[in-house]
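FYI, side chains are in, hydrogens and waters are out, and symmetry mates aren't considered; it's all heavy atoms of this structure. Here, residue 1 is the first one in the sequence, and each next residue gets the next number.
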Amino acid sequence: MQTYTWKRGDFTVTTDPSGIDLKKAAALIARQDWGCKDRPLDLTVKAIQNSETFFCLAGENREVVGFVRLITDYATAAYVTDVNIAPEYKGRGLSKFIFSCIMEHPVFRKLRRMLLCTPDAHGLYAKYDFKPVAHPEEFMERLIPYDEAYAHFEKNKNA
């Protein structure tokens with residue numbers, strides 16, 4: 001898959017994972033994200049590797065300060081997940097920068113459906129045309145408790 005990169009001031013958003021320490025990125029999201037705070041570090045690394053990930057990097061040293069994962073077929077749909085910005089970088093418009101990049105991406109800007117879950121950022125996503133699900137009665141989920149779902153992964157408590 002072709003990779004894409006965007007720059008804004010000292011920040012870069014890229015879909016190119018080369019040179020990025022995925023364990024450090026996974027540790028960042030494990031500490032901050034509401035949806036995966038109990039997810040084992042190695043499982044988050046595997047999830048990043050198997051997704052289209054938009055990494056937000058700071059400065060010349062390319063420190064990962066945030067990222068967003070998309071689970072997708074690259075043709076009809078994508079599920080947006082693990083939206084995260086390091087606390088010390090919040091308030092700088094980086095979530096907006098990443099979402100602008102997602103919406104400019106030649107594949108994702110044309111997808112018919114993108115889904116996401118959020119406890120508190122509805123206003124941010126509305127700026128990118130996300131709306132409440134039109135027919136919630138058509139959607140279902142299979143949800144397994146963390147302990148059961150991740151029992152086969154060793155927890156890394158130093159993440």
With distance as the sole criterion, is a donor-acceptor pair present between the side chains of E104 and Y4 under 3.5 Å?
no
What heavy-atom pair brings [X] and [Y] nearest, and what distance separates the two atoms?
X	Y	result
A25	F55	CB-CE2, 4.5 Å
L41	K23	CD1-O, 3.6 Å
T12	F97	C-CE2, 4.2 Å
F11	A58	CE2-CB, 3.7 Å

So does [Y] get a backbone contact from the side chain of [X], meaning a donor-acceptor N/O pair under 3.5 Å?
X	Y	answer
Y128	K96	yes
T118	D120	yes
D42	K46	no

Interatomic spacing from [atom1] in [X] to [atom2] in [Y] - rounded to 0.5 Å:
X	Y	atom1	atom2	result
E141	I144	CD	CD1	11.0 Å
S95	L124	OG	CG	5.5 Å
L57	D16	CG	CG	9.5 Å
S100	W6	OG	CH2	10.5 Å
H105	L111	NE2	CG	9.5 Å
D82	T53	CG	OG1	8.5 Å

Are M114 and F130 side-chain neighbours, meaning at least one heavy-atom pair lies under 4.5 Å?
yes
Find out whether R69 and I48 are in side-chain contact, i.e. whether some heavy atom of one side chain is under 4.5 Å from a heavy atom of the other.
yes
Evaluation steps, side-chain contact (heavy atoms from CB on, under 4.5 Å), between Y125 and L116:
CA-CA 9 Å; Y125 303 125; L116 60 79; 3.7 Å; yes
Applying ring-ring contact (aromatic ring centres under 6.0 Å, His included) to F54 and F99, what does each step give before you reach the verdict?
CA-CA 9 Å; F54 286 71; F99 268 84; 8.8 Å; no
